[in-house]
Novice: 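Below you'll find the structure I mean.
For the numbers below, each heavy atom of this structure counts, side chains included, while hydrogens, waters and symmetry mates do not.
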Amino acid sequence: MRSTLASVSFAALVLALSPASAQAPWSVAGELADADRQDESRRRYDEHGIRLEAGGRYRIAVDSEAFDAVARLYRAGEAQPVAENDDSAGLNPRLTYAPAQGGDYVLRVVAFSEAGRGAYTARLEALPPLPPGAAVPWSMSGVLEDRDGGGDAGADGRRYDEFPLRLEAGRRYRLFVESEAFDPVASLLAPGGGDEVARNDDSGGTLNSRIAFSPPETGDFVLRVSAFGADARGAYRAGAELMPPLPPPVSSPGTSVTVNGSWSLWQGMLADSDPDTGGRRFDDYLIRVEAGQRRSISLEGNGFDALVQVLRPAARESDSPDIVDENDDAGAGLNAFLVFAPEEAGDYIVRVTSVGDGVGAYRLWISQ
């Protein structure tokens with residue numbers, strides 16, 4: 001039978017049905033059953049009201065041996081989650097959250113699949129505050145040991161160390177973790193040690209990790225050093241350094257540079273110090289394109305096989321941007337050329353990179 005509440009907005013439903021809020025430490029034993037409510041994907045869920053204080057740090061854990069659980073955290077009365085997690089400790093979710101706003105929140109325990117049913121436990125605990133973030137450039141030597149963070153807080157029991165770093169909005173940073181003892185994994189967490197905003201395992205053809213990141217806002221981000229293997233232990237070195245800004249345009253947008261129309265021209269250099277993906281160095285440029293507008297993009301590489309990509313910025317910081325178009329050799333020789341005409345207006349990233357691990361000078365032309 002169709003519910004008579006179908007016309008009620010999700011936000012109103014959450015607010016109306018949220019139970020009284022509990023404070024940390026808190027735990028509950030529950031069960032997903034046929035009689036429970038369903039989300040838009042027909043997956044059963046329970047909701048639990050919790051109260052969080054602004055500036056605090058909290059860890060939320062959900063465990064079940066009966067189904068693959070997903071944890072979603074909402075501000076009471078809001079339709080979009082402020083944090084969510086599926087698998088961190090095996091198939092069990094873990095959330096670390098540092099609210100900027102205190103008040104009532106709703107923890108939703110939902111099954112990953114429509115058939116998910118069974119018993120679960122959920123708990124909330126307060127974490128100690130992190131020390132102030134270290135200034136960049138920064139480096140240190142450490143050791144992963146049995147006594148380090150892990151257990152149900154680390155994915156599959158992996159041990160980890162965490163280091164707060166002060167990162168400034170709009171600046172470009174490179175963070176790295178190197179080890180000869182184990183395969184290191186670098187994760188960058190949002191201020192307060194919340195959601196993961198960037199992650200890297202193997203970079204530059206090695207097992208070492210490297211992250212390139214430009215924060216949208218200033219804050220004390222957290223670099224988490226862990227290992228690919230749950231039993232890995234040993235010495236490592238971690239660090240963070242500033243990267244130079246992207247090269248400025250040689251010509252102002254709209255300046256007529258060629259007989260074919262108005263172009264912007266960037267001259268840059270792919271270098272070993274640039275960020276990489278799969279071992280390929282890259283520079284990124286953000287452009288605004290209107291729906292149906294045709295933008296010609298030409299990339300000329302000096303000494304390397306040029307590859308140009310157009311990416312859509314990720315909706316969430318923890319996601320990778322989607323490649324919507326790319327070209328390798330449509331230009332003269334090994335140069336790249338494409339015409340981009342999106343169906344949706346928005347900001348797009350033009351990525352200058354190479355086929356393989358090539359580096360060298362380049363010229364990027366984008367029509368206006």
Side-chain angles (χ1 to χ4, degrees), residues 14 18 21-27 47-62 70-89 92-109 122-136 138 148-155 158 160-171 173 175 185-199 211 213-226 238 240 314-319:
V14 169
S18 297
S21 298
Q23 293 180 311
W26 163 87
S27 64
E47 289 183 339
H48 306 280
I50 55 178
R51 188 166 185 83
L52 307 181
E53 301 297 329
R57 294 179 65 231
Y58 299 90
R59 178 168 294 136
I60 296 170
V62 179
V70 179
R72 290 180 178 155
L73 183 65
Y74 300 82
R75 276 193 62 83
E78 295 187 1
Q80 296 299 319
V82 295
E84 63 180 292
N85 184 261
D86 177 13
D87 303 330
S88 281
N92 294 316
R94 300 290 185 264
L95 278 177
T96 301
Y97 187 66
Q101 270 186 295
D104 291 332
Y105 287 75
V106 176
L107 170 63
R108 174 177 287 192
V109 178
R123 64 184 185 275
L124 169 72
E125 60 180 325
L127 298 176
L130 291 169
V136 176
W138 164 88
D148 288 330
D152 66 1
R158 292 178 175 87
Y160 63 85
D161 289 337
E162 290 185 339
F163 305 98
L165 298 173
R166 186 70 173 179
L167 305 183
E168 297 179 8
R171 307 199 74 172
Y173 296 89
L175 304 98
V185 177
S187 303
L188 188 63
L189 310 180
D195 289 345
E196 185 178 88
V197 297
R199 179 184 181 90
I211 291 173
F213 184 69
S214 182
E217 58 185 2
T218 299
D220 290 340
F221 292 76
V222 177
L223 174 63
R224 174 177 286 186
V225 176
S226 61
R316 300 183 306 175
E317 294 176 5
S318 56
D319 296 336

Novice: Please identify each residue that fulfils side-chain contact (heavy atoms from CB on, under 4.5 Å) with A135, with sequence neighbours left out.
Specialist: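 Residues passing side-chain contact (heavy atoms from CB on, under 4.5 Å) with A135: none at all.
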Novice: Is the shortest heavy-atom distance from the side chain of L189 to the side chain of T96 under 4.5 Å?
Specialist: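 They are not in side-chain contact.
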Novice: Please name all residues satisfying side-chain contact (heavy atoms from CB on, under 4.5 Å) with T218, sequence neighbours left out, ordered by chain then number.
Specialist: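 Counting only residues at least two positions away or on another chain, T218 forms a side-chain contact (heavy atoms from CB on, under 4.5 Å) with R166, E168, A169.
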Novice: Under a 4.5 Å cut-off applied to non-hydrogen side-chain atoms, are V82 and Y105 in contact?
Specialist: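 Answer yes - side chains close enough.
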Novice: Please give me the minimum heavy-atom distance between L223 and A186, naming the atom from each residue.
Specialist: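 That closest heavy-atom pairing would be CD1-CB, 4.3 Å.
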Novice: On the 0 to 90° scale, with breaks at 30° and 60°, tag the W26-H48 ring pair as parallel, tilted or perpendicular.
Specialist: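 Judged by the thresholds at 30° and 60°, the geometry between W26 and H48 is tilted.
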Novice: For D86, check side chain to side chain donor-acceptor pair (under 3.5 Å) against everything at least two apart and list the hits.
Specialist: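 For D86 there are no side chain to side chain donor-acceptor pair (under 3.5 Å) partners, ignoring immediate neighbours.
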Novice: Mind checking side-chain contact (heavy atoms from CB on, under 4.5 Å) for A71 and listing every partner two or more places apart, or none if nothing turns up?
Specialist: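 Residues passing side-chain contact (heavy atoms from CB on, under 4.5 Å) with A71: V62, P93, L95, L107.
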Novice: Considering non-hydrogen atoms only, spot the tightest contact between A190 and F221 and give its length.
Specialist: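 Minimum heavy-atom contact is CA-CD2, 4.0 Å.
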Novice: So which atom in E53 and which in P99 form the shortest heavy-atom distance, rounded to 0.1 Å?
Specialist: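 The pair with the smallest heavy-atom distance is O-CG, 3.3 Å.
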Novice: Tell me, do L52 and L124 make a side-chain contact under 4.5 Å, heavy atoms counted?
Specialist: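 They are in side-chain contact.
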Novice: With sequence neighbours excluded, tell me which residues meet side-chain contact (heavy atoms from CB on, under 4.5 Å) with P164.
Specialist: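 Partners of P164 under the side-chain contact (heavy atoms from CB on, under 4.5 Å) test: L130, P131.
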Novice: Using modelled atom types and a 3.5 Å cut-off, is there a donor and acceptor pairing between side-chain atoms of R224 and backbone atoms of E162?
Specialist: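 No, the answer is negative, given that no donor and acceptor are paired below the 3.5 Å cut-off.
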Novice: Might you point out which heavy atoms bring L167 and P215 nearest each other, and give the distance in Å?
Specialist: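 Here L167 and P215 meet closest at CB-CG, 3.9 Å.
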Novice: Which atom pair, heavy atoms only, marks the closest approach of R94 to N85?
Specialist: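 The answer is N-OD1, 3.0 Å.
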Novice: Report the relative orientation of the aromatic rings in F163 and W138; use parallel for angles under 30°, tilted for 30 to 60°, perpendicular for over 60°.
Specialist: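 Rings of F163 and W138: tilted, as their planes differ by 30° to 60°.
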Novice: I need the minimum non-hydrogen distance between A98 and R57, along with the two atoms involved.
Specialist: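 Heavy atoms of A98 and R57 come nearest at CB-CG, 4.2 Å.
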Novice: Taking atom CZ of F213 and atom CG of L165, what is their separation to the nearest 0.5 Å?
Specialist: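 If I round to the nearest 0.5 Å, the distance is 11.5 Å.
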Novice: Sequence neighbours left out, what passes side chain to side chain donor-acceptor pair (under 3.5 Å) with R51? Give chain and number order.
Specialist: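 Partners of R51 under the side chain to side chain donor-acceptor pair (under 3.5 Å) test: D104.
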Novice: Rounded at 0.5 Å granularity, tell me how far CD in E78 sits from CG in L73.
Specialist: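 The distance works out to 10.5 Å.
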Novice: Would you indicate whether the side-chain heavy atoms of E84 and R108 approach each other to under 4.5 Å?
Specialist: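 R108 vs E84: side chains apart.
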Novice: Quick one: CZ on R59 to CZ on R123, what's the gap to the nearest 0.5 Å?
Specialist: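 It is 9.0 Å, given to the nearest 0.5 Å.
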